[in-house]
Amino acid sequence: MEAFLKRNGNKSLKKVEKDVEMEPDDEKDNKSRYQPWVEKYRPNKIDEVSHQPEVVSALNKSIETGKIPHLLLYGPPGTGKTSTILALSKELFGPEFHRSRILELNASDDRGIGMVREKIKKFAQKKISKAVSSDYPCPPVQLIILDEADSMTVDAQAALRRTIEVYSAQTRFCIICNYVSKIIEPLASRCVKFRFTPIAEEAQMKRLQYICEQEEINHDNSALEALVEVTDGDMRKSIMMLQSAGRSYEGDKLTAEDIYEVSGKIPIEVIQDIWDQILNQSDTNISELAENVIQEGYDIMQLLSQLIELVTNAATRDVSHLKKARIAEICAETEFKLIKGGSEELNVSYLLVSISDILNS
Amino acid sequence: MMESEFEDNIWTEKHRPATFKDLAYNQKYTKAIKRLINSQDFPHLLLYGPPGAGKRTFTRCILNEIFVLYSNYHIELSPTNNDSHDRIMVNNMIKETAESQPLKREKTKGKDFKIVVIHDLNLLSRSAQAGLRRTMEKYMSECRIIFQCESLSRVIDPLKSRCALVRVPAPTYDTVAERMKDIAKMENLSISTKTIDMIARRSKRNMRKAIMLLQIYSVNFTSISDIGKALSLGYEQIISEILKDLISEQSATRVKVIRNKFYQLISKGISTECIFVNLIRFLMQSDSLDSNVRYEITKLACEYDFRSKLGARSIFHLEGFICQAMVVIKKSKIQSGYGV
Ligand SMILES: Nc1ncnc2c1ncn2[C@@H]1O[C@H](COP(=O)(O)OP(=O)(O)OP(=O)(O)O)[C@@H](O)[C@H]1O
Ligand SMILES: [Mg+2]
């Protein structure tokens with residue numbers, strides 16, 4: 001334990017009593033000055049959530065009628081799941097009550113069976129104050145948000161099944177996860193399910209355009225296109241990259257190159273060069289080639305996906321389909337071994353040697 | 001007090017740049033990152049790159065750039081492998097830091113957030129990484145995290161998408177040589193360009209290793225042949241012998257000879273991965289085997305390294321590898337008609 005934490009100074013951190021109510025407006029302004037863009041541009045209203053029309057219209061209806069079912073939101077990272085639920089609670093309860101009416105439990109908390117029961121029980125048994133707020137619907141229910149529920153154990157989920165039923169009179173559960181398959185069926189079937197899809201190009205472009213205007217980023221359109229291209233529908237990633245490129249670019253306009261620079265993508269020339277060297281049978285170089293890839297610090301997963309991309313595009317037309325399939329197989333094997341903890345250099349060596357073997361046989 | 005004296009004696013610490021101004025290399029990245037962190041709202045950062053490329057130095061420069069007195073306003077965590085409590089630990093640390101008293105403005109150049117540095121992110125278990133997802137978002141405005149890791153492949157996607165990624169490549173040979181010359185000058189060490197070049201090559205673009213070797217040289221050696229021997233770093237010598245043993249004869253007695261060498265390496269604290277990596281490096285350089293055999297052996301090394309990570313006794317896997325490799329070599333010798 002001692003070795004785990006190396007604390008530099010500040011040994012006696014004192015907790016500050018946090019005000020439960022919202023901060024006054026000027027404080028909030030001040031806070032947003034320090035907010036990275038992904039937080040700053042998190043949708044505040046359900047209507048601001050882009051590209052998820054199904055969820056938006058369903059939840060808007062809920063707000064109107066004040067009837068909320070148990071929810072299960074799932075989908076890939078950065079598509080608006082957490083944002084949607086936060087926006088929902090704000091719109092339902094307003095700034096005055098939204099803190100006291102929601103309980104957020106996430107994977108960071110200890111979520112054994114006991115804890116789930118205890119915390120939820122404590123929260124759910126609380127009497128709800130009769131809220132009188134003219135501006136917000138404030139239905140007489142409270143929300144328990146289980147974010148990142150895919151890392152909950154099966155046992156804990158099973159325990160939750162019963163809990164949901166016991167408290168369903170005034171408590172609604174909202175389960176959020178990336179992989180719906182990790183949620184046990186009896187739990188999933190108690191909820192209304194919404195699938196979040198990767199954000200489409202136009203929707204992303206619109207949002208990014210808006211942020212660029214707000215932040216006064218002078219940009220070339222190609223930059224935004226590049227962003228959409230490299231992030232595969234993960235809106236958080238594109239906002240994140242927009243900030244890191246937008247705050248660091250040289251020159252007078254943000255261009256596609258600046259984006260590629262921060263995206264972690266391996267330059268296409270480098271990939272092509274590796275390919276050419278392998279093709280040229282100069283296989284004594286292969287360990288040097290592998291060493292070089294490692295020393296340049298490239299992300300090996302990125303290398304794999306870009307190799308696959310190269311193999312499937314027109315530039316490698318004269319390689320037979322069978323060979324391509326075998327290369328893809330090797331890439332898959334490498335990916336598996338890396339995730340399970342295999343050595344990067346060995347695996348890259350093996351990958352390159354194998355490709356050379358396949359191409360030159 | 002003791003510590004600083006100690007640090008002064010170690011060149012890698014003594015000559016570690018403290019501010020962006022002093023950074024001798026990676027200029028292009030330096031400039032970009034400096035612009036980014038000079039805005040008040042910069043996001044979490046994830047620095048990745050090979051060992052010795054300068055991630056730690058980079059972090060120190062970043063901290064120095066953000067705060068005047070860096071060391072009192074941040075917290076550092078180094079996760080260790082196989083720590084089953086890391087999830088709770090890391091999260092509590094971040095929460096505690098984020099909720100602690102605001103900093104005094106004049107000491108932090110007017111910034112209102114704290115910094116948590118997490119080293120070796122790739123050693124953090126997957127569940128701990130998953131546990132960071134919401135915590136990172138929740139406390140983003142109070143607390144920024146600077147992650148460091150050697151490889152991104154074991155970092156989960158949702159975490160990558162919550163950070164600005166910064167690649168820190170290893171310095172080139174020339175840069176390493178330049179830096180060594182500078183340090184030699186500062187230390188009043190006379191050293192020939194040829195020796196510097198040799199050390200630079202040996203250290204494989206790892207700045208830390210190069211400076212360490214330079215210091216060893218300054219203390220112990222004067223002649224070039226001496227340093228040649230010393231620089232082959234003991235274990236590399238043994239590994240290259242193992243490869244020679246393996247190629248020249250395939251027999252049970254040879255396995256025994258090699259086993260002793262493996263034990264030597266293990267007792268020196270050389271990791272199994274390091275042994276395999278170096279074996280393959282030497283293998284690729286040797287031209288006494290044809291490419292097909294080299295391919296087979298690389299495949300084996302990859303497989304056995306992987307198994308050794310899942311298993312517990314590394315000697316089994318090393319030896320299993322050697323036996324299999326012998327089979328491959330023997331077969332090819334028989335096929336090509338000699339050595340029967
Ligand atoms: N549909 C969307 N509309 C507008 N902004 C979005 C949308 N999706 C994501 N974003 C942006 O990305 C950021 C992260 O989104 P959010 O936290 O909702 O993702 P998530 O789906 O919960 O991802 P994860 O599965 O990684 O938790 C938001 O702060 C917002 O800036
Ligand atoms: Mg989320």
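Here is how names work: the chains are called A, B, and so on, in the same order as the sequence lines, proteins then strands, and each is numbered from 1.
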Neighbours of chain B found in residues 258-265 of chain A - heavy atoms under 4.5 Å:
A:Glu261, A:Val262, A:Gly264
In terms of heavy-atom pairs under 4.5 Å with chain B, the winner among A:Gly341, A:Pro77, A:Ser244, A:Gly246 is A:Gly341
Would you mind checking if A:Asp234 and B:Lys160 are paired as a salt bridge, meaning a charged N to carboxylate O distance below 4.0 Å?
no
B:Lys299 NZ/CZ over A:Tyr350 ring centroid, <6.0 Å and within 45° of normal:
no
Any salt bridge between B:Arg167 and A:Asp299, counting N to O under 4.0 Å?
no
Side chain, backbone, both or neither: which part of A:Met241 has an atom under 4.5 Å from a heavy atom of chain B?
neither
Does this structure show an ion pair linking A:Glu39 with B:Lys138, if we count only N-O contacts that are shorter than 4.0 Å?
no
Would a 4.5 Å heavy-atom cut-off, applied to side chains only, mark B:Glu303 and A:Lys337 as touching?
yes
With the threshold set at 4.0 Å, does a side-chain nitrogen-carboxylate oxygen contact exist between B:Arg281 and A:Glu345?
yes
Please classify the contact between A:Asp357 and chain B as side chain, backbone, both or neither, with a heavy-atom cut-off of under 4.5 Å.
side chain
Expected output: side-chain A:Glu148 to main-chain B:Gly131 donor-acceptor under 3.5 Å:
no
Taking only Lys NZ, Arg NE, NH1 and NH2, and the carboxylate oxygens of Asp or Glu, determine whether B:Glu137 and A:Arg236 approach each other closer than 4.0 Å.
yes
